[in-house]
Amino acid sequence: MTLLKNFSFFILILLIQSCASVSAPEPVGPVPSSHQLDWQEMEFYGFIHFSINTFTDVEWGYGDKSPELFNPTELDTRQWARIAKEAGMKGLILTNKHHDGFSLWPSEYTDYSVKNSPWKNGEGDVVKELAEACKEYDLKMGIYLSPWDRNHADYGKPEYIDYFRNQLTELLTNYGDIFEVWFDGANGGDGYYGGANEVRTVDKKTYYDWENTNALIRKLQPNAIIWSDNGPDARWVGNEHGFSYETTWSPLLRDSIYGGMPDYNIKYAMGQENGTHWVPAEADVSIRPNWYYHKSEDNKVKTLKELLDIYYRSVGQNSTLLLNLPVDRRGLVHENDEKQLKKLTAQLKEDFANNLASNAKTTASQVRGNASDYSAKNTVDGNKNTYWATDDGVTTASIIIDFGKPTLFNRFLIQEYIPLGQRVKQFSLEAEVDGKWETIDNQTTIGYKRILRLEDIKATKIRLTIEDSKAAPLISNIEVYHAPLIVDVPKVSRDKQGNVTLETPEDGLSIYYTLNGDEPSTSSLKYSEPFHLDHPTTLKTFSIDPETQRQSETLSENFEISKNLWKIITLDGTSLSEEAIDENPLTEWSANKELLSNYKIDLGETTTIKGFTYTPTQGRWVSGVITHYSFYGSKDGHQWTKLSEGEFSNIIANPIQQNVMFDKASDIKYIKLIAHKIMNDSDKALIAEIGVITK
Ligand code: FUL
């Protein structure tokens, strides 16, 4: 007995010694601060866009509208917070002041605020009400304060910076803990500016003196994440689709960047392997096409499939997700938005219901110092603080996850232990099916979290191979799931002749539709071949699997008059390329500014139009986007009337179809869109589509 005891003691000493001799890996590259780590773990939080814009139906206010327009009838921040909480969001960021300068709190430094609105007789404070609601629902609160202020008389002068900091101080002092401070890169341009009505450009690099503004934030809210194109704590993902990139590094060449710089999205948004600072990506997107509430978008709330895609391409690609819920004129998140959000939450719960890897058997090709502290088991122990590591210098290694029996899966979730830096550059995944290994994916970065969506596969084992890494890979977590398949809505398209095609996302599905506004069911029209639609019509449609009865959501699509008779002609009568009127937003007409005044679109017959649409190029990186325009109509193609003039607000960051309504309807046969300003002061405009609104 004593002998056995002594022996066990000896083994124990040996074990302790072997562990003690294995040092922890050293950090590699920049590493996150503790508040950046806490922030990253929030993963999903919400944006609220609400202002005078909500009442004037625009995306960017000019700064000249009366504060009396701000008059929500049922404003209820508790409703916003409840919806966010139920959706699994961890916080809410409110646009306290957008580019139009209207402040949602009674700021001491301006009259352009809620205090001069009829809401609560000027006694209200939206920020305070939201702070209270967030507290009640255990949500963190963040602030958006637009650096650009189109209302303020001093914008562009040094005095404005004091104003900006004074407002910031109010927001960071009077409303409790703030988790994130959001600084928009859009700034400078035309505006009201206290009645000057002029263009004011600023040097984005120097005007705001960010160093001292950031120092003020650090003093008032040391734990807040400061967000902008160049952080310093978190960065813009470079688009407003809510997508990060398959290769997304958290390190960033931060000092090469300034807020609002051109080409940021192309050159920097994905982060850099050799980035000098830890500035992780945040993917922002609205649940509707635009950020503010527009009644015309009530049936354009993103589908479940679109929302899921956003989740997987943000949280699942080493980014956080900031999802915007526009608040409507009542002061509430609209029912349709809540409904879609609920679907997303329920689906995510199902997708991640049963972790097939928890406690699976694991073996690694190499373990740091052969120490149990760094064993492969750490990847499936549910503890984020333990990780599998290899010896220093070993940058290729693999780990096998053995389910013990054939197991059906289609999701692979993996996390690096980021407190010691982001390391993995390339990895692959294989599955062992009937005793044979097959490659099922090849990918690049992992970072805080990567979730791969795979085809259904039944395998007994999975092998993860880290093919390349900046240093010894540190993998803290692996999860495997079998997410249920969901049926997507039909893909709807119409050609120039007016023929509508509905396509099923998967083989073997049936499609039903209505054209009279009724909700479709399996007793509605069944789609078999393209049909003709010439007149404004609402199409409602869904897909269904006749065998399993799995059914998609219903998609509602509003069609305008068809472009069957439309022609683009130059002033000398020659027809031009029809890409701008072919109903296909993926083809575009490229024309230089000059040519743009020398053409007309012939609608083929006199038509009563109430507005027009312009769709910019839909490629991954936009160019040739018209930002300032005028739009003309003519009965005879010679005498032209200007029907509208203005800016396409936010079109560069969010290049979606622009819908412009006229003050009054016009009977015309010819139309013409003129570009006054094209992004990056280019001379070449790209037009994916021009349309008219008749309804
Ligand atoms: C953009 C702004 O210009 C939009 O209006 C919106 O606020 C979005 C979140 O950021 O850059």
Side-chain angles (χ1 to χ4, degrees), residues 47-54 56 58-64 93-103 142-152 155-156 160-161 164 167-168 180-193 198-208 210 213 226-231 234-242 257-269 282-286 289-292 322 324 326 616 621-623 625-629 646-656 658 676-682:
F47 222 164
I48 300 277
H49 274 66
F50 184 47
S51 182
I52 286 190
N53 295 352
T54 313
T56 50
V58 301
E59 281 291 294
W60 283 3
Y62 193 72
D64 59 343
I93 301 178
L94 172 67
T95 52
N96 302 291
K97 179 190 85 167
H98 203 250
H99 309 325
D100 68 348
F102 181 77
S103 305
I143 61 160
Y144 169 112
L145 184 72
S146 170
W148 184 19
D149 189 321
R150 296 172 109 180
N151 172 264
H152 205 275
Y155 181 77
Y160 171 75
I161 302 305
F164 183 60
Q167 286 213 317
L168 200 53
E180 180 167 334
V181 182
W182 215 90
F183 291 130
D184 210 312
N187 43 59
D190 55 354
Y192 173 69
Y193 305 127
E198 60 188 13
V199 176
R200 292 190 185 171
T201 40
V202 297
D203 181 341
K204 293 182 189 181
K205 258 192 209 157
T206 53
Y207 178 58
Y208 295 101
W210 285 116
T213 302
I226 305 176
W227 179 101
S228 77
D229 290 357
N230 64 339
R235 71 174 193 264
W236 186 36
V237 80
N239 64 69
E240 293 183 358
H241 305 305
I257 300 166
Y258 61 90
M261 73 190 283
D263 290 352
Y264 165 78
N265 48 1
I266 301 173
K267 286 198 193 141
Y268 296 106
E282 174 190 86
D284 59 320
V285 62
S286 184
N290 280 294
W291 295 95
Y292 280 94
L322 173 60
N324 178 62
W621 309 120
V622 291
S623 64
V625 175
I626 302 173
T627 58
H628 293 76
Y629 72 91
E647 73 179 6
F648 295 124
S649 312
N650 200 31
I651 189 170
I652 298 175
N654 192 19
I656 56 172
Q658 309 289 304
H676 295 305
K677 202 164 185 274
I678 299 170
M679 74 180 275
N680 297 337
D681 289 323
S682 160

Engineer: Report yes or no: do N650 and E240 form a side-chain donor-acceptor pair below 3.5 Å?
Structural biologist: yes
Engineer: Taking the inter-plane angle between the rings of H98 and Y292 on a 0 to 90° scale, is it parallel (under 30°), tilted (30 to 60°) or perpendicular (over 60°)?
Structural biologist: perpendicular
Engineer: Can you list the residues that meet the side-chain hydrogen bond (donor to acceptor under 3.5 Å, both in side chains) rule with S103, with sequence neighbours excluded?
Structural biologist: Q167
Engineer: Apply side-chain contact (heavy atoms from CB on, under 4.5 Å) to I226 and T213, showing your working.
Structural biologist: CA-CA 10 Å; I226 305 176; T213 302; over 6 Å; no
Engineer: For the atom pair OG1 (T627) and CE (M679), what is the distance rounded to the nearest 0.5 Å?
Structural biologist: 9.0 Å
Engineer: Under 4.5 Å between any side-chain heavy atoms of F102 and N151, yes or no?
Structural biologist: no
Engineer: Are side-chain heavy atoms of Y268 and D229 found at a separation under 4.5 Å?
Structural biologist: no
Engineer: Which label fits Y208 and Y160: parallel for a plane angle under 30°, tilted from 30 to 60°, or perpendicular past 60°?
Structural biologist: perpendicular
Engineer: Hey, does W291 have a side-chain heavy atom less than 4.5 Å from the side chain of S649?
Structural biologist: no
Engineer: Taking D184 for its side chain and A186 for its backbone only, find out whether a donor-acceptor pair lies under 3.5 Å.
Structural biologist: yes
Engineer: Ignoring hydrogens and geometry, is there a side-chain-to-backbone donor-acceptor pair from N96 to L94 under 3.5 Å?
Structural biologist: yes
Engineer: Within the 4.5 Å heavy-atom criterion, are P616 and I651 side-chain neighbours or not?
Structural biologist: yes
Engineer: By side-chain contact (heavy atoms from CB on, under 4.5 Å), which residues pair with N230, not counting sequence neighbours?
Structural biologist: S228, R254, I257
Engineer: Looking at every non-hydrogen atom in both residues, tell me the closest pair between K204 and G185 and how far apart they are.
Structural biologist: NZ-O, 3.9 Å
Engineer: Tell me yes or no: between the side chains of E647 and W60, is some donor less than 3.5 Å from an acceptor?
Structural biologist: no
Engineer: Under the side-chain contact (heavy atoms from CB on, under 4.5 Å) rule, what do V202 and Y155 come out as? Steps first, then yes or no, please.
Structural biologist: CA-CA 9 Å; V202 297; Y155 181 77; 3.5 Å; yes
Engineer: Of the non-hydrogen atoms in P655 and H241, which two are nearest, and what is the gap between them?
Structural biologist: CD-CE1, 4.5 Å
Engineer: When you check the side-chain N and O atoms of H99 and S146, is any donor under 3.5 Å from an acceptor?
Structural biologist: yes
Engineer: Once rounded to the nearest 0.5 Å, what's the spacing between atom CD of Q658 and atom CZ of F648?
Structural biologist: 6.0 Å
Engineer: Does the N187 side chain pair with the main chain of G260, one donor and one acceptor, at a distance under 3.5 Å?
Structural biologist: no
Engineer: Can you name the nearest heavy-atom pair linking A283 to V237, along with the distance?
Structural biologist: CA-CG1, 3.7 Å
Engineer: With rounding to the nearest 0.5 Å, note down the distance linking OH in Y629 to CD1 in I678.
Structural biologist: 15.5 Å
Engineer: Using every non-hydrogen atom in the two residues, find where L322 and E282 come nearest and quote the distance to one decimal.
Structural biologist: CD2-OE1, 3.3 Å
Engineer: Hey, is the main chain of A653 close enough, under 3.5 Å, to the side chain of N265 for a donor-acceptor pair?
Structural biologist: no
Engineer: Between CD1 of I652 and CD1 of I626, what distance do you get to the nearest 0.5 Å?
Structural biologist: 11.5 Å
Engineer: Do K97 and L145 come close enough that some side-chain heavy atom pair is under 4.5 Å?
Structural biologist: yes
Engineer: Would you say R150's side chain and G101's backbone share a donor-acceptor pair under 3.5 angstrom?
Structural biologist: no
Engineer: State, yes or no, whether a side-chain contact exists between T56 and D100 at a heavy-atom distance under 4.5 Å.
Structural biologist: no
Engineer: Testing the basics here: between N290 and N324, what is the closest heavy-atom pair and its distance to 0.1 Å?
Structural biologist: O-ND2, 4.3 Å
Engineer: Which atom pair, heavy atoms only, marks the closest approach of P289 to I656?
Structural biologist: O-CD1, 3.3 Å
Engineer: Centre-to-centre under 6.0 Å for Y192 and Y62, is that the case here?
Structural biologist: no
Engineer: Could you tell me which residues satisfy ring-ring contact (aromatic ring centres under 6.0 Å, His included) with Y258, sequence neighbours excluded, listed by chain and number?
Structural biologist: none
Engineer: Drop me the distance from M261's CE to K205's NZ, to the nearest 0.5 angstrom.
Structural biologist: 7.5 Å
Engineer: How long is the span from the NE2 atom in H676 to the NE2 atom in H628, to the nearest 0.5 Å?
Structural biologist: 9.5 Å
Engineer: Where the side chain of T54 meets the backbone of F50, is there a donor-acceptor pair that is under 3.5 Å apart?
Structural biologist: no
Engineer: Quick check on the 6.0 Å ring-centre criterion: do F164 and Y207 meet it?
Structural biologist: no
